[in-house]
Amino acid sequence: MKIRESFIGIALMLSTAFWVTGCSDQAWNNPHPAEDAGKNILYSNFSGPPKHLDPVISYSADEGRFIDQIYDPPLQYHYLKRPFELEANTLTALPEIVYRNADEQPVSAEAEDLAYSDYYFDIKPGIYYQPHPALALNDDGEPYYAFETAAEASQYSALSDFAQTGTRELVAADYTYQIRRLADPTLLSPIRGLLAQYIQGMTEFAEPAKEARAAQQDGEWLDLRTIEFDGIEVIDRYRFRVRLKGKYPQFSYWLAFHFFAPVPPEADRFYSMPGMNDRNITLDWYPIGTGPYMMTKNDPNEAIVLERNPNYRDDFYPAEGEPADRAAGLLDDAGQALPFIDKVVYRLEKESIPLWSKFLQGYYDRSGVASDSFDQAISIDAEGIALSDDMRDRGIKLDIAVMPGTYYFGFNMLDEVVGDTGTVEERERKRLLRHAIAIAYDQEEYISIFYNGRGETGMSPIPPGIFGYQQGEEGVNTSVFDWVNGKPVRKSIDYAKELMARAGYPDGRNAETGEPLVLNFDTTVSSSGGASHDWLIKKMKQLGIQLNIRGSDYNRFKEKMKTGNAQLFQWGWLADYPDAENFLFLLYGPNGQVVTQGAGVNSSNYDNPRYNELFREMKLMENSPERMAIIREMIDITQHDMPWASTFHPHSYVLNNAWVYNSKPHGISKAVLKYMRIDPEQRSAMQESSNRPVLGPLLLVALLVIVLALPGYVGYRRRLNHRVNTVGRQR
Amino acid sequence: MLAYIVRRLLYAVPILIGVNLLTFALFFVVNTPDQMARVQLGDRYVSEVAIQEWKVQRGYDKPLLFNTAHEGPAAVTETIFFEKSLSLFALDFGKSDAGRNIAADIEQRMWPSLAVALPTFAIGIAVNIAFALFVVMFRASLFDTGAMILCVALMSISGVFYVIAGQFFFAKEWNLVPVSGYLSGVDAWRFLLLPVIIGVISGIGGGTRLYRTLFLEEANKDYVRTARAKGVSELTVLFRHILPNGMIPILTSVVVVIPSLFMGSLLVESFFGIPGLGSYTLEAIQAQDFAIVRSMVFLGSVLYIIGLLLTDISYTLVDPRVRLS
């Protein structure tokens, strides 16, 4: 009886639960809270917790997509214009640059005695921080929260637990405070070493900052303003100056990074209070900014939520763009106040299959295209790549953009077999060997097989959209391609074999010893690597080369690269900023991995004196025909020396549901959320129509259970009856 | 019994030291502090100075096991192993190498793990026992054979298949539950329903076969025959006689896993987006975060030891003949 009652109880409970869900307007499979239905909320996802949200530490795209909506650096990129263009963000205009000589006298940008570059910043008045407890004040104008012991913090487990919040106007000193934080060696900013080469006084700031930190008690705040920093100066409430040593034109690009976003000293004090760190309440977890959004929930195991900053300044959708933007509807919102979306919910999705299902159900507004859903989303025919019919029927839109990045198949130029080592004759033979391999490495086929065609073969390190990129015949890598009928055609394998013979390896064998040429491809071990390794072995076999795959874990691989023990490898680079320097420095000698003990970006350890000289010259120039000529010469040198066998520039594919507007991929900036718009009503209608519960299969399952259980029950009854009858007969 | 428990707890100390030493050795065979620093600081522009600073800040600048720069006890205490291990015995997990308070993270993530694991565990046991008893009732029949074939089939299917098929049918095709995700509070049940059902179904094969074997052994004993001879109904025989006596071996396999339930399930939590502890250790290994790895391994060992102790204690509760001394 009890058992039967339990079953009835469970059945009733489940029925009630389904009934309750069914009574609400929300679809049963809707993963979002019912109270949020129909609201102006964008739903997105993330695949792993961000490591750092502190603007001096964070340096990954996965983190930038959150904090770049919150932090307000002085400059930003124009959302629609291409090539990428910097514009003022919190400034009244682009910073004024005054070049000076050692005597502090103004000089021209080209002056030989140029010693300093002074950047003058003028902030727009009336910009306010998001509501934040660090800025809450009591009646005496003192900080509302000022803990003296860790016990006082014990009642708080998240920033939202602090009931009192406040705000204040953004001032120039907030920017200079952040530059001090960048210079603080204990905060471990990844770009401190780089910037210290240029910002006056940054290196000198490190030692006293370190000493002051060492002298601190636990829970004590170090006010970095108390440490001398002669490269920065607050001129008045809204103006400040940064002095660079010499000239560094790329500094403007760094000013569009969150590294230079303002952090109020009050926030630093607040997060330094005793007990806060133990509660995981830190600036690395809870950002504070003046940007369009503020982080109201940071639970990276579940969801990260950004909400509209109620104090956000006047900011408007751009009225200009590329010629095609108007036809694409990207200028329909010109002049409208930003941001459009009230709230953004990022949910943790580690697996691609549930993510894709929820995108199709309309519960995520945007999605990338994973390899396992590529065939469902994209169709490839003679006319090229397009959305599949299914996606088009759903009203889904596809954004394709060339990412400002370069993936390459490189040689270690310090290697004895393939590198640039030995006598002049030996070096030439090794160059011919690299040349032959470059022809055999069919990049177009590789992209087609392993990237579903999402990429394009590169002719140089510089991707499309960046000054220095050359299209068509002008830009073709003539070492590897011929220009035939208006398009590049890869040179033949026969030609590559001829090069092999000239290199001293006819048919892949050493002409002197007869030994087969064995090369090593160094890579990290991954389950997906097998097929591409087989492909690579096959390609090298065409030249008679025996390719040995040397897989290792990431640490070992990095160690090999650092010590110059790799031979052939694949690597990639995504731009920090849209300047040729940010790609050509990948082959600049002093950036070599070995000479910098792993800190450099030149993985090939390529070191050509002429190239290095041109690089130094090009780096200091503004974009101009003269600069283009230098870049062309640099590219010619690399195409001759062949430190990389091949390059390709990946494409990004983003799918937007029908109710998402103003989406235009921006390969550099992540601060694009404020431009996006959604139509929540359109979304709700779609969700309702396509997610109605299907109860038939459930009834079928129930019926199946009954059908299966019935023989058991009948058998059980028969067994009971059988025993009673038998006993009766015996009597 | 108290003396027994104290003795077992004291035995645990050398075990935990051994586990700690092994974890430490395995971790640092694969990773060096320099490599850990590189992973934490990122790939770009990371200078040697920054790496050294990172190591100093987190105490990885010291020798691993023996410090030749010191004499006496300091030669052992001024090492990474000693400094990182001692606090664990006070259950002070400290901070992760990324700077997060590990105890706070565990506290936050254990509840969603428990929300999935507990019902899956409890319902799973109930279903497996009920199904096993049902099969035992029809032992040596066609139904028994069919049920065992079904169980083997269920065992042979990969866990991922259950998850993907469950999501495809229940969430995508029939729109009955969300594909994945999690909301805290009462809304959580909508997200737990499918993982729990899948967890229970995927466990039926193995569980039923094990329990059937245990129950069959009991079903052939004299006291069961006597009960039947007395005219006791089959249901009563199964639930009042066979089940309690079959519980002792079941306890062995069940109680030991109870404390570990909150450690979560990697597969289920990953696919269903449950923000639990299942992937915490794996993420830490990938991030080369030794602080989390050592804490979680230590915690796992402690829980396993507690589980074994609870198993021993539970014997005395279900079988009066067992005495702990």
Side-chain angles (χ1 to χ4, degrees), chain A residues 3 17 21 27-34 48-49 51-52 59-60 157 185-186 188 190-194 277-280 282 284-285 299 301-302 347-351 353-354 357-358 360-361 363 553 555 558-559 576 597-599 601 691-695 697-698 711-712 715-716 719-720, chain B residues 30-32 35 38-42 44-50 53-54 57 95 98-101 104-105 108-109 112 134 137-138 141 143 164 167-169 171-184 187 189-191 193 233-234 239 270-273 275-276 279 283 287-288:
Chain A
I3 294 167
T21 316
W28 290 11
N29 63 356
N30 191 335
H32 309 306
K51 266 197 259 183
H52 299 290
Y59 196 12
S60 91
S157 57
T186 56
L188 297 171
I191 62 163
R192 190 181 75 86
L194 176 88
N277 207 350
D278 292 338
R279 313 294 300 166
N280 284 336
T282 64
D284 208 19
W285 205 247
D299 181 354
N301 303 314
E302 184 187 338
R347 294 203 180 281
L348 179 66
E349 289 287 354
K350 288 183 181 169
E351 302 297 332
I353 296 173
S357 299
K358 286 201 270 188
L360 294 181
Q361 288 172 333
Y363 296 131
D553 65 39
N555 284 340
K558 286 281 287 182
E559 195 63 28
D576 287 317
Q597 292 187 297
V601 289
N691 290 295
R692 293 201 177 96
V694 181
L695 292 170
L698 261 196
Y716 170 68
R719 178 174 286 199
L720 288 182
Chain B
V30 181
N31 312 296
T32 65
Q35 289 159 347
R38 280 187 192 283
V39 170
Q40 291 296 331
L41 295 173
R44 296 187 170 193
Y45 307 119
V46 180
S47 65
E48 202 57 35
V49 176
E53 183 66 35
W54 185 90
Q57 281 184 19
K95 287 206 158 57
R100 302 265 305 156
N101 186 317
D105 276 348
Q108 186 189 26
R109 295 176 72 151
F134 195 59
M137 195 162 76
F138 294 101
S141 68
F143 180 81
I164 293 174
Q167 285 181 330
F168 181 78
F169 288 112
K172 199 177 170 198
E173 292 296 307
W174 304 337
N175 303 325
L176 297 172
V177 289
V179 177
S180 66
Y182 189 77
L183 292 173
S184 44
D187 263 348
W189 77 268
R190 291 197 299 127
F191 299 92
L193 200 60
S233 79
E234 192 64 17
F239 284 96
S270 288
F271 270 87
F272 287 101
S279 57
E283 285 166 8
Q288 297 182 23

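Protein chains get the first letters and strands the later ones, always in sequence-line order, with residue 1 at the start of each.
In this view, A:N555 and B:N31, B:Q35, B:Q288 satisfy the side-chain hydrogen bond (donor to acceptor under 3.5 Å, both in side chains) rule, not counting sequence neighbours.
Taking A:R279, A:K358, A:E559, A:R692 one by one and counting their heavy-atom pairs under 4.5 Å with chain B, the maximum is reached by A:K358. If you tally non-hydrogen atom pairs under 4.5 Å between each of A:L188, A:V694, A:N280, A:D553 and chain B, the highest count goes to A:N280. Taking B:S270, B:A287, B:S184 one by one and counting their heavy-atom pairs under 4.5 Å with chain A, the maximum is reached by B:S270. The candidate from A:L360, A:T186, A:T282 with the greatest count of non-hydrogen atom pairs under 4.5 Å with chain B is A:T186. When each of B:E53, B:E173, B:Q40, B:R100 is checked for heavy-atom pairs under 4.5 Å with chain A, B:R100 comes out on top. The candidate from B:Q167, B:K172, B:E48 with the greatest count of non-hydrogen atom pairs under 4.5 Å with chain A is B:K172. When each of B:W54, B:F169, B:F272 is scored by its heavy-atom pairs under 4.5 Å with chain A, the top score falls to B:W54. Ranked by heavy-atom pairs shorter than 4.5 Å toward chain A, the options B:F138, B:F168, B:W174 are led by B:W174. The most heavy-atom pairs under 4.5 Å with chain A, out of B:V30, B:I164, B:V49, B:D187, come from B:V30. Annotation: maximal heavy-atom pairing with chain B below 4.5 Å, among A:K558, A:R347, A:Q361, occurs at A:Q361. Your options are A:G193, A:S60, A:G598, and the one with the most heavy-atom pairs under 4.5 Å with chain B is A:G598. In terms of heavy-atom pairs under 4.5 angstrom with chain B, the leader among A:S157, A:P31, A:A599 is A:P31.
Only the side chain of B:R109 comes within less than 4.5 Å of a heavy atom in chain A; its backbone stays farther off. Contact annotation for A:Q597: both backbone and side-chain heavy atoms come within less than 4.5 Å of a heavy atom of chain B. Only the side chain of B:F191 comes within contact range of chain A, with at least one heavy atom under 4.5 Å from a heavy atom of that chain. Contact annotation for B:F134: only side-chain heavy atoms (C-beta onward) come within less than 4.5 Å of a heavy atom of chain A.
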### Task
May I have the step-by-step check of side chain to side chain contact (heavy atoms under 4.5 Å, CB included) for B:Q108 and A:D299, ending in yes or no?
CA-CA 9 Å; B:Q108 186 189 26; A:D299 181 354; 3.6 Å; yes
### Message
Using salt bridge (charged side-chain N to carboxylate O under 4.0 Å, His left out), reason through B:E283 and A:K350 one step at a time and then give a plain yes or no.
### Response
CA-CA 11 Å; B:E283 285 166 8; A:K350 288 183 181 169; 2.8 Å; yes
#### Entry: From CA spacing to verdict: side chain to side chain contact (heavy atoms under 4.5 Å, CB included), B:L176, A:L695
CA-CA 8 Å; B:L176 297 172; A:L695 292 170; 3.9 Å; yes
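Residues A:N29 and B:N175 bring a donor and an acceptor atom of their side chains to less than 3.5 Å of each other.
Note that OG of B:S47 is 10.5 Å distant from CG of A:L194, once rounded to the nearest 0.5 Å. Put simply, CD on A:E302 and OH on B:Y182 are 7.5 Å apart, with the number rounded to the nearest 0.5 Å. Atom-to-atom distance recorded for A:K51:NZ and B:L41:CG is 8.5 Å, nearest 0.5 angstrom. Between B:S180 atom OG and A:L348 atom CG the span is 9.0 Å, to the nearest 0.5 Å.
For the pair A:N277 and B:G99, the tightest heavy-atom approach, listed with the atom from each and the gap, is OD1-O, 4.2 Å. The minimum heavy-atom distance between B:A98 and A:H52, with the atom names listed, is O-CE1, 4.2 Å.
A salt bridge links A:D278 with B:K95: the closest approach of a Lys/Arg side-chain nitrogen to an acidic carboxylate oxygen falls below 4.0 angstrom.
Side-chain contact between B:L183 and A:P33 is present, with heavy atoms from C-beta onward closer than 4.5 Å.
Cation-pi contact between B:R190 and A:W28: absent, since separation from the ring centre below 6.0 Å together with deviation from the ring axis within 45° is not met.
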